[in-house]
Amino acid sequence: GRVARSAVLFAAVGFASNLLEATTPRFKRWFGRKLCSSIGFSRALAKFKGPRLRVQVNDKIRDEPLVVALAANAPKAGGGIMYLAPGANMTDGQMKISLIHAIGRFNVARHFIRLVRGTYLHHPQVQYFPATALEIEAGPAQTVIADGDLIGRTPVRIERKTRALTFIRSSS
């Protein structure tokens with residue numbers, strides 16, 4: 001069957017979901033909100049291998065290792081501290097899509113601050129463009145996050161709806 005979920009700000013597959021998985025509630029309690037993110041980042045980075053994602057968007061299919069495939073409906077997330085999608089507008093009818101191609105662990109660490117500040121768009125391994133839908137498949141299945149919550153596994157279809165992103169995933 002298919003399950004529909006809604007989100008307001010963003011959805012992602014790849015390192016963003018690994019980071020969320022590594023920043024467990026226990027780590028948040030032990031280390032506090034600020035420090036737990038750094039520890040979660042280190043834990044996620046130590047295990048990270050850019051998953052091979054099959055991404056379909058704007059009638060084009062890409063099948064390659066990616067650091068992240070992200071659809072954003074708003075420019076900021078994470079309580080306003082992460083500038084994920086510069087120029088995104090919740091009322092323009094489109095999402096901003098970020099595809100960050102495999103750059104290796106060292107470069108993920110090096111460029112993470114650019115992601116937080118929204119300056120990552122100029123990196124040669126980044127594609128950033130508007131779309132109304134994004135489909136992601138992976139083998140093995142990857143975790144999907146929406147607005148900071150783990151919502152399921154790939155495959156996923158993300159569509160721009162009025163003031164929300166709707167996620168439809170096939171159960172495996």
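Positions are given from 1 along the sequence.
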Give me the atom names and distance for the closest heavy-atom approach of [X] to [Y].
X	Y	answer
R160	N73	NE-OD1, 2.7 Å
L20	G148	CD2-O, 3.1 Å
P75	A88	CD-O, 3.4 Å
G50	P65	O-CB, 3.7 Å
A85	K96	CB-CB, 4.1 Å

Please name all residues satisfying side chain to side chain donor-acceptor pair (under 3.5 Å) with E135, sequence neighbours left out, ordered by chain then number.
->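 E135 satisfies side chain to side chain donor-acceptor pair (under 3.5 Å) with R157 only.
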I need the [X] [atom1] to [Y] [atom2] distance, nearest 0.5 Å.
X	Y	atom1	atom2	result
I97	M95	CD1	CE	4.0 Å
L121	F129	CG	CZ	12.0 Å
R153	I136	CZ	CD1	13.0 Å
E21	T143	CD	OG1	3.5 Å
L53	E64	CG	CD	9.0 Å

D92 side chain vs Q94 backbone, donor-acceptor pair below 3.5 Å =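 Such a contact is found between D92 side chain and Q94 backbone.
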Do side-chain atoms of N18 reach the backbone of A44 as a donor and acceptor pair under 3.5 angstrom?
->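 Pair absent, no side-chain N/O of N18 close to backbone of A44.
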Name every donor-acceptor pair, under 3.5 Å, that has one atom in a side chain of residues 54-61 and the other anywhere in the protein, sequence neighbours excluded.
| unit_1 | atom_1 | unit_2 | atom_2 | d |
| --- | --- | --- | --- | --- |
| N58 | ND2 | P130 | O | 3.1 |

Would you mind reporting whether [Y] and [X] have side-chain heavy atoms less than 4.5 Å apart?
X	Y	value
V8	M90	yes
R105	K49	yes
F10	D147	yes

Going by atom types alone, do S17 and Q142 pair a side-chain donor with an acceptor below 3.5 Å?
->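 Checked: S17/Q142 side chains show no N/O donor-acceptor pair below 3.5 Å.
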Given L19 and F48, is the side chain to side chain contact (heavy atoms under 4.5 Å, CB included) satisfied, shown in steps?
-> CA-CA 9 Å; L19 176 59; F48 184 70; over 6 Å; no
Any residue meeting ring pair (Phe, Tyr, Trp, His ring centres under 6.0 Å) with H101, in chain and number order, not counting sequence neighbours =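 Once residues adjacent in sequence are excluded, H101 has no partner under the ring pair (Phe, Tyr, Trp, His ring centres under 6.0 Å) criterion.
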